[in-house]
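Heads up: numbering here begins at 1 and tracks the sequence. What's counted below: heavy atoms across the whole structure, side chains too, no hydrogens, waters or symmetry copies. Just so you know, ligand 1 is whichever comes first in the structure, and atom 1 is the first atom listed for that ligand. Model, not experiment: these values are computed from the prediction.
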Amino acid sequence: MSFGSPYMTIPKFSYLKPNSISEAIELLEKYGDDAKVKAGGIGIIAFMKERLTSASYLVDLKGIPELGMVQESDGYLRIGATVTLRRLEEMRNLKLMALHEAVSSIADPIIRQSATLVGDTCEAIPWVDAPPALISLGAYAHVAGKKGTRDIPVSQLIKGTGELSIDSGEIITGISIPESGGNSTYVKFSSGSEYSIASASVNVNPKSKELTIVMGAVAESPRIFNQSTVEWKWGESVEKNIRGVWKTFDDRLEPMSDMLSSSEFRMKISKMVVARALKDLFGGA
Ligand SMILES: Cc1cc2nc3c(=O)[nH]c(=O)nc-3n(C[C@H](O)[C@H](O)[C@H](O)COP(=O)(O)OP(=O)(O)OC[C@H]3O[C@@H](n4cnc5c(N)ncnc54)[C@H](O)[C@@H]3O)c2cc1C
């Protein structure tokens with residue numbers, strides 16, 4: 001998708017390929033705001049071509065072996081920063097349905113071959129598919145910088161369009177997702193571009209009966225609802241509960257208007273995708 005800029009060429013930049021996380025952090029510290037991280041390069045190169053972002057130095061993470069790993073340990077699935085969407089899509093034992101459905105719905109197979117889960121998340125534009133799914137699954141991001149490492153929930157990572165709650169010298173080294181989180185699904189609607197006009201990721205924990213609904217593409221960052229904010233009542237019919245969710249959306253969702261959709265149309269689509277997701281999980285035609 002083009003954002004309408006007349007520019008087509010890539011501006012000049014120096015390409016840096018560190019072999020370790022510490023080397024990557026040193027380069028980011030050294031070049032400050034002139035340097036940006038590159039994972040798959042799909043988003044950053046497109047944005048540089050359109051002059052929506054600039055960088056004199058691109059620090060490519062793909063040469064750091066440990067960032068390419070997918071590991072299961074202590075009930076968590078840890079996905080490194082250079083793991084591609086395609087690799088996750090092809091994992092036959094991936095139990096996290098919302099994640100599988102979200103990554104499989106992104107762009108096309110050629111883009112998914114290069115683009116990474118972490119890159120899609122860090123792009124932080126409102127319409128991307130990975131963040132709503134990751135948030136509904138209770139994922140958190142591992143951050144590394146000169147001062148050390150820390151973890152932040154993905155729900156707190158995206159501050160606004162293109163804005164992350166990490167410092168310029170920091171990188172996300174991976175994302176961890178609890179595997180026992182529950183049953184989940186992801187539904188998106190797109191038209192005329194692969195990007196979502198609205199998306200819904202729903203997760204329910206069968207033991208605690210905790211319900212999480214995360215709406216994507218309706219605001220600068222994903223909107224989170226839980227069973228108390230949507231007044232979900234266990235024991236009521238799915239249809240009646242969906243009407244309750246729609247009522248909450250009427251009162252509180254206030255979807256944005258942008259180049260992909262008006263607010264009014266987005267509200268209709270939001271109700272449609274959330275109903276589809278809830279029926280997928282709880283039954284209903
Ligand atoms: C034609 C087209 C269609 C698309 N359709 C969809 C779609 O349907 N759904 C969707 O979700 N997306 C879509 N996208 C967006 C695409 O999926 C993203 O651009 C891509 O996933 C970004 O991942 P990447 O690995 O290429 O990241 P990069 O382009 O390398 O990086 C993206 C941004 O994240 C930052 N970054 C990357 N890794 C890190 C890190 N480890 N730590 C800190 N910052 C980091 C970079 O500095 C950059 O700002 C589409 C893109 C195109 C071109």
Evaluate [X] for polar contact with ligand 1, using N/O atom pairs at a separation under 3.5 Å.
X      : value
Lys36  : no
Lys38  : no
Glu170 : no
Gly41  : yes
Ala115 : no
Leu85  : no
Ile42  : yes
Leu61  : no
Val128 : no

Do [X] and [Y] have side-chain heavy atoms sitting under 4.5 Å apart?
X      : Y      : result
Arg78  : His142 : yes
Arg51  : Pro11  : yes
Glu194 : Ile111 : no
Tyr195 : Val128 : yes

When you measure from [atom] to each heavy atom in [options], which option holds the nearest one?
atom                    : options                       : answer
atom 16 (C) of ligand 1 : Asp120, Leu28, Ile64          : Asp120
atom 37 (C) of ligand 1 : Gly119, Gly174, Pro132        : Gly119
atom 53 (C) of ligand 1 : Ile175, Ile111, Thr121        : Ile111
atom 10 (C) of ligand 1 : Asp60, Asp129, Leu164, Asp108 : Asp129

Heavy-atom count around [X] [atom1] within 6.0 Å, excluding the residue itself: above 12?
X      : atom1 : result
Glu231 : CD    : no
Glu254 : CD    : no
Asp108 : CG    : yes
Glu210 : CD    : no

Per-residue contact class, [X] against ligand 1 - non-hydrogen pairs under 4.0 Å:
X      : value
Met48  : neither
Ala81  : side chain
Phe47  : neither
Val118 : side chain

Is a donor on one side and an acceptor on the other found under 3.5 Å between the side chain of [X] and the backbone of [Y]?
X      : Y      : value
Ser270 : Ala198 : no
Glu23  : Asn19  : yes
Trp232 : Leu211 : no
Glu170 : Asp167 : yes

Contact atoms of ligand 1, heavy-atom distance to [X] under 4.0 Å:
X      : answer
Ala107 : 3 (C), 4 (C), 5 (N), 6 (C), 7 (C), 8 (O)
Gly43  : 19 (O), 26 (O), 29 (O)
Thr116 : 21 (O), 23 (O), 24 (P), 25 (O)
Ile171 : 42 (N)
Glu194 : 3 (C), 5 (N), 7 (C), 8 (O)
Gly40  : 24 (P), 25 (O), 26 (O), 27 (O), 30 (O)

Quiz item: Is Arg266 salt-bridged to Asp258, cutoff N-O under 4.0 Å?
Solution: yes

Quiz item: Looking at Arg112, Gln113, His100, which hits side chain to side chain donor-acceptor pair (under 3.5 Å) with Glu89?
Solution: Arg112

